[in-house]
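Given the structure is predicted, the values throughout are model-derived calculations rather than measurements.
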There are 2 protein chains.
Amino acid sequence: MSRSKSRETRQFRSSSRTRRGENTGADNAPRKRGDTRQNLLDAAMAVMAADQSGLAGLSLRAVAKEAGVSPTAFYRHFSDMEELGMAMLDEIGDMLRRMLREVRKVGDPQQMVQSSLQTFFSFVKENREKFLVLSRERAGGSARMRAAIRNQMSYFSTELASDIQLMGAFPRMTRDDHYRLASMIIQMAVNAVPDVLDLPEDQPETEQALASDMTKQALMLLLGAAHWNADRPAASDSEKDRKNRKGK
Amino acid sequence: MSRSKSRETRQFRSSSRTRRGENTGADNAPRKRGDTRQNLLDAAMAVMAADQSGLAGLSLRAVAKEAGVSPTAFYRHFSDMEELGMAMLDEIGDMLRRMLREVRKVGDPQQMVQSSLQTFFSFVKENREKFLVLSRERAGGSARMRAAIRNQMSYFSTELASDIQLMGAFPRMTRDDHYRLASMIIQMAVNAVPDVLDLPEDQPETEQALASDMTKQALMLLLGAAHWNADRPAASDSEKDRKNRKGK
DNA sequence: ACATAATGTGTACAGTTGTAAACATATTGC
DNA sequence: GCAATATGTTTACAACTGTACACATTATGT
C-alpha cells in the first residue's frame, strides 16, 4: 500500500492519570476512561472523512488508533464494524431530528423555502462528517445499513409531509401526494449534500449560487404541487393511476 | 452484440498446469488471451456486486482471481485500481448514451414520460452491475471518480435539456431553467436506481408501484415547469428583489 | 527470420488486517 | 473490604494485501 503515513504506534496512550475534572474540550483533549465508545465513533467518522473509503472499507485498527485505543478495545463496544455503523446512524438520526425541529420554528410560510434551505446549509456545514457518512452509505453500505438509512429518510419524509399538509397549501393533494412531494424535497436535499460538502469556504458566492439553484428547484416542485390535479379533470386520469394506491 | 463474439476453436489451450485455488466463477468459459483487460473490468464489477464494497475497498488480488489471471497481470492493463474505475466509467458512459439514444426514439410527446421510464427500467435491469457502480461511486468514490461521474451526468443533463427545449413545451423557461429541469429528472432517476436494483424479480407489482410513483414525480416536476414564470410579475422580478419584498 | 514489444506466470517480501488468549486495572454492588 | 463486572492492554498469529523481480510465452514489425 502506498500509504505509510505513520509508522507503528508503540503506545496508544500512556498513563494519563485521571484527575480530569472537565471534558467536552477539543478533539485531542484526553478524555475520561468511559468515553471510549464515543471516541471510537468520532474516530471512525474522522477516518472515513480523511480517507475516502466507505464504512465497509474501514480498518478496525485504524479506527482504534485514531481513537487512541488498542485495537482489541474495539470489541468491548462493538462486535463488528457494521454495528459501529448502526450506532453512527443513531447519532445521525438525532442530528436530523434536531434539524427538523429547527426548520419547524419558521412561522411565515412565504419564507419557508429559503429559511429551510438556510438551516439545511448550516447543519450540513456544522455536521459535515455525519452528512458525509449519510450520503456515502446511502448507496454504498451493507443492505442493513441502507435499509436503516432509508428508514431515517422515510421518517423524515413523513414528518415533513404532515407539516406541509397542516399548512393546507395544497388542498387538492392526497396524503400520498404530500408524502411524495416531501420525499422529493428531501431527495433533492440529500442529493445536494456532496455539493455542499465540496463548497469552498472562502467564497460565499458559490454557495449563493448553489442556494439559488436549490431554491429554484424547490419552487418548481412546489409549483407543480400547487397545480396538481388542477388541470387534469379526466384526461390523464387513467385507470392505471387509480389502481396503484399503496406506496411501498 | 458484445457478448458472444469469440468462439474461435483454437486448440492452443493455455498450459495451465498450476491449477491454483478453487474458482468461484460461475461460467468460466476460456477466453482468448487478449481479452484479459475486459475480463478484469467484468471481474471488478462482479466482485463489487457480490461483495458490497466500493471500488476503493476492492482487492486487486480478488479481482485478478475472479478474472482468472495472476495478480501481477493486473499491472499490464491498469496501473492502479482507480484507473480501472475510470475505464469502468467509460463503459458506463457508453451504456448511458445507448440509453439516451433509445429514449430519443419516442415520437409521441404524450407518452414520453412513461416510455422513457420504461427504457430506464429495462436498462437498469439489463446493466445492473454498471448502475450499481454508478450509484455507489457517485458519492463514495475518490474525488477524481466523483468528478468524472458528475461529468457524465452533466453531459446527460445537457442533452436532455436540449431535447426538451426543442420540443418547445415550456416556452417561458430559459435555457438554464431547462437544464435545471433536466438535471432534476435525471437526479430523480439516479436516486431511484438502488430501489430498482433491490426490486424482487418475481413480483412485478412492486415494480409497477415504483414506476407509478416515479411517473407521478416526473409529472409533478413537469407541471411545475409548465407553470414556471407564469404566475408572477414577469421580467422585472429578479431573485434579489424577491428576497425582501415577498409580502403580497 | 529475427529482434522487440506485449502479455502472461510464479516467487518473494514487507505491511496490514482481524481477532483470539491471557493479563491488568478500574468501577460497582453488597 | 471484597468479589464481580466492565474496560483496557499486550502479545501473537494466520490470512491477506500490493507490488517488485525475474522469467516464459505470444504477437508484431521489418
- Message: What is the separation between atom CE on Met81(A) and atom P on dT17(C), rounded to the nearest whole Å?
- Response: 10 Å
- Item | Atom-to-atom span, NE2 of His77(B) to P of dT19(D) - whole angstrom | 16 Å
Exercise answer: donor-acceptor pairs, residues 49-61 of chain B side-chain atoms, under 3.5 Å, sequence neighbours excluded:
unit_1, atom_1, unit_2, atom_2, d
Ser59(B), OG, Arg61(B), N, 3.3
Ser59(B), OG, Ala62(B), N, 3.1

- Query: Over how many whole Å does the gap from Asn39(A) atom CG to dT9(D) atom P extend?
  - Reply: 11 Å
- Message: If I take atom CG in residue Asp35(A) and atom C1' in nucleotide dA26(C), what distance separates them, rounded to the nearest angstrom?
- Response: 15 Å
- Query: What residues form a side chain to side chain contact (heavy atoms under 4.5 Å, CB included) with Thr158(A), not counting sequence neighbours?
  - Reply: Ser154(A), Tyr179(A)
- Looking at residues at least two apart in the chain, or sitting in another chain, which of them share a side chain to side chain contact (heavy atoms under 4.5 Å, CB included) with Ser115(B)? Val106(B)
- Taken to the nearest whole Å, CZ/Phe78(A) to C1'/dT7(D) is 14 Å
- Note on the structure: Looking only at dT10(D), dG18(C), dT9(C), the nucleotide nearest the Ser59(A) side chain is dG18(C)
- Just grab all the side-chain hydrogen bond (donor to acceptor under 3.5 Å, both in side chains) pairs involving residues 127-137 of chain B, residues at least two apart or on different chains. none
- Item | Euclidean distance, atom NZ of residue Lys65(A) to atom C1' of dG18(C) [Å, nearest integer] | 15 Å
For a quick test of your reading: what N or O donor-acceptor pairs under 3.5 Å do the side chains of residues 86-99 of chain A make, sequence neighbours left out?
unit_1, atom_1, unit_2, atom_2, d
Glu91(A), OE2, Gln38(A), NE2, 2.7
Asp94(A), OD1, Arg97(A), NH2, 3.1

- Pair Thr119(A)-Glu102(A), side-chain donor/acceptor within less than 3.5 Å: no
- Task: Give the rounded distance in Å between these two atoms: CG of Leu55(B) and C1' of dG18(D).
- Result: 15 Å
- Rounded to the Å, how far apart are Glu83(A) CD and dG18(C) C1'? 16 Å
Contacts under 3.5 Å, N or O only, protein and nucleotides 19-22 of chain C:
unit_1, atom_1, unit_2, atom_2, d
dT19(C), OP2, Tyr75(A), OH, 2.7
dT19(C), O5', Tyr75(A), OH, 3.1
dT19(C), O4, Arg61(A), NH1, 3.1

